[in-house]
Trainee: 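One structure follows; several queries about it will come next.
Note that these values count all heavy atoms, side chains included, but never hydrogens, waters or copies made by symmetry.
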Amino acid sequence: MDKRRVALCGFDLLILAVSYSVILLCSMNSSLILNGKFELQIYTSRFFFLAICIIGFRICFKIYNHIWRYAGISIYLRLIISDFIAGLEILLIGQLIPYLDLGLGINLCVISLNCLVSLSARMLYQSQYAHHNAAQHTSAEQSHKMNVAIVGAGNVGATLAQELTRNPQSHYKPLCFIDLDKDKIGQKLNGLPVYAEDEHIVQRIQEMPIHEVVIALPDLDGDNRKRLYDLYSQTGCKVKLYDYPFGERKEQGIRNFIRDIKIEDLLSRDSIQLDNSSSENYYKGKTVLVTGGGGSIGSELCRQIAKMHPKKLIIFDIYENNAYDVQQELLLKYASSLNLQVIIGSIRDIDRLEQVFSTERPQVVIHAAAHKHVPLMEQNPVEAIKNNVFGTYNTVNMAEKYKAEKFVLISTDKAVNPTNIMGASKRLCEMIVQSRYDSKTQFVSVRFGNVLGSNGSVIPLFEKEIAQGGPITITDKRIIRYFMTISEASQLVLQAGAMAKKGEMFVLDMGKPVHIYELAKNMIRLSGLVPEQDIQIVEIGLRPGEKLYEELLIKSEEMVKTENDRILIERDKPLTRAQVEEKLCILNQAMQNASNEIVKEAFQKVVPTFQNPDIVNAAAQLQMDSNAKGNLPVSIGTQKLA
């Protein structure tokens, strides 16, 4: 043991010696006096017997492993349990060996007094240490601390308050708790009052010198987390979470901390956790090629795959700057332990693809390369065909030719009943992949909604507009979208690759869709500003091809749940290879003309679910008007518009 532990052990021996002596003197124990003489040997033997039992069990219970200045209730309980068990042993051995027996009453008194004094000494030390630290900090320093209200008077909230109070370096000073438990309301916890979360709580906080509200309820579901944020945002205080990082799980051993609320926390659903063990087993030891590996989704896929010990990871991208950034990040983290190769090239270039596949022979191909910006593809439909459609066609052919085990296409919810060129091009990509159901290579598609924080997504745009002082521009206040995080999207893609069979379409159950207008208001609040007061929100009108809502399933009645109830499989009858080739011929002919209108007409021929956005949005508005809450069912689409 180190010096600190030895010193504490010696201190406990001193307490035991004093307790032992005091009880013996008070009891005038006759067993220690023979022929009128005090028997020192018996006294000493019995003391060492007590010491071995009591100190021995404290060592076994790791009592001396703790720093007592920060000890909590659980540590004190452990000491009591340790001494209780030691006492039972002392009484049992005393019955077996009369020489060591002080008598039932004396043994109980010694054990009880020793335990009481040990606990009292530690509590006194802890109290004095806290007082000493508080005295070292002047009132001026204390005035710079942030006064906080803690929502949640349970174990987590109590632990947080205790930690903030004891830690002199803390930037926070707890003033009160807020809870719904009637048994706690009106009481005090750690010396702080517990107030009710009722209709008066906003006003109460506004009347107190509180700067921030900390929600200390880590097990909250998405709906309640958003409800509490909306409630306490009305106080004008900054609202924070005492929680795990977004998306992490308890079993990963990550410690709670006070953090800012992210927009991901307000999705009105829990972070989706997928079973990564099957993914890790699948990708371990395989050569994996990621097209578009430098993009938002592609780069995160590369990060996740790198953790799974692949035989080789190949990043294929046309944009060298992004690919270089991901390469340097992975090399810095994994060095020589990761076999990484970055290849610059385009999925349009058949010769380059041939060279890559023939040389590298990837076992798994994850196809993330695509043009994804809706307005730009409306203006440049030929480029959408070249890159999204024929680029996918080229990559699919190479994966099949060089006998890849699996090909995973990353698709989008905009492919469902598309109203724009980008969505239609991705729907055709799904058809290409599904038509290879007779191939030895397993082809699968993964469809999800908007990805928070990805390049070109609405979040970075809103952040930029807020930083510039506003206004935030949205196309229409009625628009709703499904959202997921980059981490969730990447996990879904990888798990689909591990578990999928031929021709399957995987879809993530993304919970409730989000109104873009509400998203904008929440982002303004998260910046510490007031919507429509500090930052204005301006409608600029729907962009060409944009619709008010997005869907995830084409035929919701045909969806099937997997082992993970948040991952669905859509059963859609695939086209034959010949049917797909016919569609590609139509598009190829349209491209020769280079007229945007002719290309759009061609898309309407090859993608039967392609719809006019004006008709779709008009139908959506009718449905919204008939729904008092403004919620739009996922099933609205071709089948309801027909």
Trainee: Would Glu518 and Lys521 pass as an ion pair if we require N to O under 4.0 Å?
Mentor: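 A salt bridge is present here (some side-chain N lies under 4.0 Å from a carboxylate O).
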Trainee: Among Ile315, Leu494, Ile305, find the one that has a side chain to side chain contact (heavy atoms under 4.5 Å, CB included) with Val288.
Mentor: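 It is Ile305, the one option of Ile315, Leu494, Ile305 that forms the side chain to side chain contact (heavy atoms under 4.5 Å, CB included) with Val288.
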Trainee: Please examine the side chains of Glu197 and Val151, heavy atoms only from C-beta on, and report whether any two atoms are closer than 4.5 Å.
Mentor: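 Val151 reaches Glu197 side chain to side chain.
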Trainee: Could you tell me whether the side chain of Tyr334 reaches within less than 4.5 Å of the side chain of Leu340, counting heavy atoms only?
Mentor: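 No, too far: nothing below the 4.5 Å cut-off.
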Trainee: When rounded to the nearest 0.5 angstrom, what distance separates CD1 in Ile537 from CG in Leu519?
Mentor: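 Spacing of CD1 (Ile537) from CG (Leu519) equals 9.5 Å.
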Trainee: Are Phe506 and Gln495 side-chain neighbours, meaning at least one heavy-atom pair lies under 4.5 Å?
Mentor: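 The answer is no; the side chains never approach within 4.5 Å.
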Trainee: Looking only at non-hydrogen atoms, find the nearest pair between Thr159 and Asn155 and report the distance.
Mentor: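 Nearest heavy atoms, Thr159 then Asn155: OG1-O, 2.7 Å.
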Trainee: For Val446, is there any backbone N or O sitting under 3.5 Å from a side-chain donor or acceptor partner on Ser411?
Mentor: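 Not a single qualifying donor-acceptor pair exists.
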Trainee: Looking at His309, I'd like to know if its NE2 atom is crowded, meaning that more than 12 non-hydrogen atoms belonging to other residues, nucleotides or ligands lie closer than 6.0 Å.
Mentor: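 Incorrect, the count does not exceed 12.
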Trainee: For Pro531 and Ile524, work out which heavy atoms get closest and say how close.
Mentor: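 Closest approach of Pro531 to Ile524, heavy atoms only: N-CG2, 3.7 Å.
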Trainee: Could you give the distance from CG (Leu8) to CD1 (Ile63), rounded to the nearest 0.5 Å?
Mentor: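 It is 9.5 Å, given to the nearest 0.5 Å.
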Trainee: For atom CD1 of Ile73, decide whether the heavy atoms of other residues, nucleotides or ligands shown that lie under 6.0 angstrom number more than 12.
Mentor: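 Count not over threshold, so no.
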Trainee: Could you report the tightest heavy-atom contact between Tyr172 and Glu212, atom names first, then the distance?
Mentor: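 Shortest heavy-atom separation between Tyr172 and Glu212 comes out as CE2-OE1, 3.1 Å.
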Trainee: Looking at Glu539 and Lys477, would you say the former's side chain and the latter's main chain have a donor-acceptor pair under 3.5 Å?
Mentor: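 Yes, the answer is positive, given that a donor and an acceptor are paired below the 3.5 Å cut-off.
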Trainee: Counting only heavy atoms not in Gln203, do more than 12 sit closer than 6.0 Å to its CD atom?
Mentor: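 Result for CD/Gln203: open.
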Trainee: Which atoms form the tightest heavy-atom contact between Gly470 and Ile535, and what is the distance?
Mentor: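 Heavy-atom minimum between the residues: N-CD1, 3.7 Å.
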Trainee: Answer yes or no: is there a donor N or O on one side and an acceptor on the other, between the side chain of Ser82 and the main chain of Arg78, under 3.5 Å?
Mentor: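 A pair under 3.5 Å: no.
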Trainee: Could you tell me which non-hydrogen atom of Gly152 sits nearest to which non-hydrogen atom of Phe177, and how far apart they are?
Mentor: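 Taking Gly152 first and Phe177 second, the nearest heavy atoms are O-CD2, 3.7 Å.
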Trainee: Just verifying a value: how many Å separate Leu189 CG and Lys184 NZ, rounded to the nearest 0.5 Å?
Mentor: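 One gets 7.5 Å once the value is rounded to the nearest 0.5 Å.
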Trainee: Set out, in order, the CA-CA distance, both residues' side-chain angles and the distance that settles side-chain contact (heavy atoms from CB on, under 4.5 Å) for Leu231 and Val202, then state yes or no.
Mentor: CA-CA 8 Å; Leu231 173 63; Val202 171; 3.8 Å; yes
Trainee: Given side-chain contact (heavy atoms from CB on, under 4.5 Å), test Ile210 with Cys176 step by step and report yes or no.
Mentor: CA-CA 9 Å; Ile210 290 175; Cys176 67; 4.0 Å; yes
Trainee: Quick one: are Arg225 and Ile215 in side-chain contact, heavy atoms under 4.5 Å?
Mentor: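 When only atoms from C-beta onward are counted, Ile215 and Arg225 do not touch, as no gap falls below 4.5 Å.
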Trainee: More than 12 heavy atoms of other residues, nucleotides or ligands under 6.0 Å from OH of Tyr517: yes or no?
Mentor: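 For Tyr517, atom OH is crowded (more than 12 foreign heavy atoms under 6.0 Å).
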Trainee: Show your reasoning for whether side-chain contact (heavy atoms from CB on, under 4.5 Å) applies to Lys240 and Val148.
Mentor: CA-CA 10 Å; Lys240 293 189 175 183; Val148 299; over 6 Å; no
Trainee: Between Asp198 (side chain) and Ile201 (backbone), is there a donor-acceptor pair under 3.5 Å?
Mentor: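 Checking the backbone N and O of Ile201 against the side chain of Asp198, a donor-acceptor pair under 3.5 Å is found.
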Trainee: Does Val493 form a side-chain contact (heavy atoms from CB on, under 4.5 Å) with Gln304? I'd like the steps, not just the answer.
Mentor: CA-CA 11 Å; Val493 171; Gln304 297 292 336; over 6 Å; no
Trainee: Any non-hydrogen side-chain atom of Met308 less than 4.5 Å from a side-chain atom of Glu280?
Mentor: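 Yes - at least one pair of side-chain heavy atoms lies under 4.5 Å apart.
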Trainee: Compare all side-chain heavy atoms of Asn522 with those of Tyr229 and state whether any distance is below 4.5 angstrom.
Mentor: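 Of all side-chain heavy-atom pairs linking Tyr229 with Asn522, at least one is under 4.5 Å.
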Trainee: Does Asp179 reach the main-chain N or O of Ala153 with its side chain, forming a donor-acceptor pair under 3.5 Å?
Mentor: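 At least one qualifying donor-acceptor pair exists.
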Trainee: Should Leu313 and Leu330 count as side-chain neighbours, where that means a heavy-atom distance under 4.5 Å?
Mentor: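 A side-chain contact under 4.5 Å exists here.
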Trainee: Do Asp317 side-chain atoms and Gly294 backbone N/O form a donor-acceptor pair below 3.5 Å?
Mentor: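 Side chain of Asp317 to backbone of Gly294, a donor-acceptor pair under 3.5 Å: yes, one is there.
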Trainee: Any chance you could measure Lys238, atom NZ, to Leu526, atom CG, to the nearest 0.5 Å?
Mentor: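 Atom-to-atom, Lys238:NZ and Leu526:CG are 7.0 Å apart.
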Trainee: State the OH-CD1 distance between Tyr232 and Ile261, to the nearest 0.5 angstrom.
Mentor: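 Going from the OH atom of Tyr232 to the CD1 atom of Ile261 covers 12.0 Å.
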Trainee: Could you grab the distance from atom CD1 of Ile205 to atom OG1 of Thr235, nearest 0.5 Å is fine?
Mentor: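 That separation rounds to 5.5 Å.
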Trainee: Spell out, as yes or no, whether a donor-acceptor pair under 3.5 Å connects the side chain of Asn190 to the backbone of Ala158.
Mentor: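 Indeed, once roles are kept as given, a pair shorter than 3.5 Å links the two residues.
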Trainee: Is Tyr195 reaching over with its side chain to a backbone N or O of Arg204, donor-acceptor style, under 3.5 angstrom?
Mentor: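 A pair under 3.5 Å: no.
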Trainee: Could you tell me whether the side chain of Lys426 and the main chain of Asp413 form a donor-acceptor pair under 3.5 Å?
Mentor: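 Checked: no pair found.
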Trainee: Over all heavy atoms of both residues, which pair between Ala489 and Ile297 is shortest? Give the atoms and the distance, please.
Mentor: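 Smallest interatomic distance, heavy atoms only, reads CB-CD1, 3.9 Å.
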Trainee: Should the heavy atoms of other residues, nucleotides or ligands under 6.0 Å from CG of Asp181 be counted, would the total exceed 12?
Mentor: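 Yes.
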Trainee: In the structure I gave you, are the side-chain heavy atoms of Gln328 and Leu332 within less than 4.5 Å of one another anywhere?
Mentor: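 Sidechains of Leu332 and Gln328: no contact.
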